[in-house]
Amino acid sequence: QQQVKQSPQSLIVQKGGISIINCAYENTAFDYFPWYQQFPGKGPALLIAIRPDVSEKKEGRFTISFNKSAKQFSLHIMDSQPGDSATYFCAASVTRSSGSARQLTFGSGTQLTVLP
Amino acid sequence: DTEVTQTPKHLVMGMTNKKSLKCEQHMGHRAMYWYKQKAKKPPELMFVYSYEKLSINESVPSRFSPECPNSSLLNLHLHALQPEDSALYLCASSQIMSGRVDGDTQYFGPGTRLTVL
């Protein structure tokens with residue numbers, strides 16, 4: 001029930017195209033859904049995040065779509081650029097009891113390649 | 001400033017060595033985390049410190065020993081490691097119960113690439 005399933009495992013997109021990565025979860029207690037971007041040899045960096053009371057959030061070329069009833073959320077990268085080539089992880093977390101830190105449950109990751 | 005720093009960047013050690021990884025943040029975060037990441041895999045949680053106290057230990061072998069000397073520093077002491085422990089070790093920090101769901105975002109450091117010979 002703690003799993004977050006992510007697809008596809010790898011994605012190749014032409015420059016200027018739209019990249020779409022999908023995630024699904026089972027635990028309805030999850031209340032925060034961040035996406036992380038990771039370049040080789042670097043730590044994950046927060047890209048964009050959403051709460052379940054919002055259906056869509058857009059920041060620049062990056063958009064999260066959230067479907068609470070289907071327990072699915074997705075990342076859309078518009079006008080994809082070669083510099084977007086990286087591994088993307090979706091994640092989910094749940095508010096814990098007072099004084100406790102959040103734990104992230106990560107998806108398996110998607111390796112995105114944007115061809116010039 | 002959302003920077004988490006980690007030293008060293010790279011570490012090569014033998015199975016009988018003792019070494020330490022260091023993590024530092026100055027964002028006033030009261031939660032700090034250690035993760036292990038293998039190639040092409042997501043980060044795997046090892047330890048969580050909340051208010052400088054160990055709150056979560058994900059059944060990590062005792063050859064990994066965490067330490068949180070103060071609210072800004074996190075160490076990971078390594079002893080008698082195995083070659084399969086070679087990985088990228090990531091540190092992260094976050095606020096706790098900031099009152100905003102998205103206020104508890106975890107910020108990651110660049111990691112230490114550990115190779116055990």
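A note on names: the letters A, B, ... follow the listed sequences, proteins ahead of strands, and every chain is numbered from 1. For the numbers below, each heavy atom of this structure counts, side chains included, while hydrogens, waters and symmetry mates do not.
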Do [X] and [Y] belong to the same hydrophobic cluster, where Ile, Leu, Val, Met, Phe, Trp and Tyr are linked whenever their side-chain heavy atoms lie under 4.5 Å apart, directly or via other members?
X: A:Leu75; Y: A:Val13; value: yes
X: B:Val116; Y: B:Tyr35; value: no
X: A:Ile21; Y: A:Ile50; value: yes
X: B:Met13; Y: B:Met15; value: yes
X: B:Tyr33; Y: B:Leu54; value: no

Tell me whether the count of non-hydrogen atoms from other residues, nucleotides or ligands lying under 6.0 Å of NZ in B:Lys38 goes above 12. yes
Close approach to chain A in residues 41-48 of chain B, criterion heavy atom under 4.5 Å: B:Lys41, B:Pro42, B:Pro43, B:Leu45, B:Val48
Tell me the residues of residues 73-93 of chain B whose non-hydrogen atoms fall below 4.5 Å from those of chain A, in number order. B:Leu88, B:Leu90
Residue among B:Pro110, B:Ser55, B:Gly111, B:Ala39 with most heavy-atom pairs under 4.5 Å to chain A: B:Pro110
When the side chains of residues 106-116 of chain A are checked against the rest of the protein, which donor-acceptor pairs come out under 3.5 Å, sequence neighbours left out?
unit_1	atom_1	unit_2	atom_2	d
A:Thr110	OG1	A:Gln6	NE2	3.0
A:Thr110	OG1	A:Pro8	O	2.5
A:Gln111	OE1	B:Lys40	NZ	3.4

Is there a side-chain contact between [X] and [Y], using heavy atoms and a 4.5 Å cut-off?
X: A:Gln103; Y: B:Glu58; answer: yes
X: A:Tyr36; Y: B:Gln106; answer: yes
X: A:Tyr32; Y: B:Thr105; answer: yes

Closest-packed option against chain B by number of heavy-atom pairs under 4.5 Å, given A:Pro34, A:Ala45, A:Gly43: A:Gly43
Sort A:Gln38 into side chain, backbone, both or neither according to what part of it lies under 4.5 angstrom from a heavy atom of chain B. side chain
Let me know if A:Leu104 has heavy atoms under 4.5 Å from chain B in its side chain, its backbone, both or neither. both
Sequence neighbours left out, what pairs pass ring-ring contact (aromatic ring centres under 6.0 Å, His included) with at least one residue falling in residues 48-68 of chain A? A:Phe33-A:Phe66
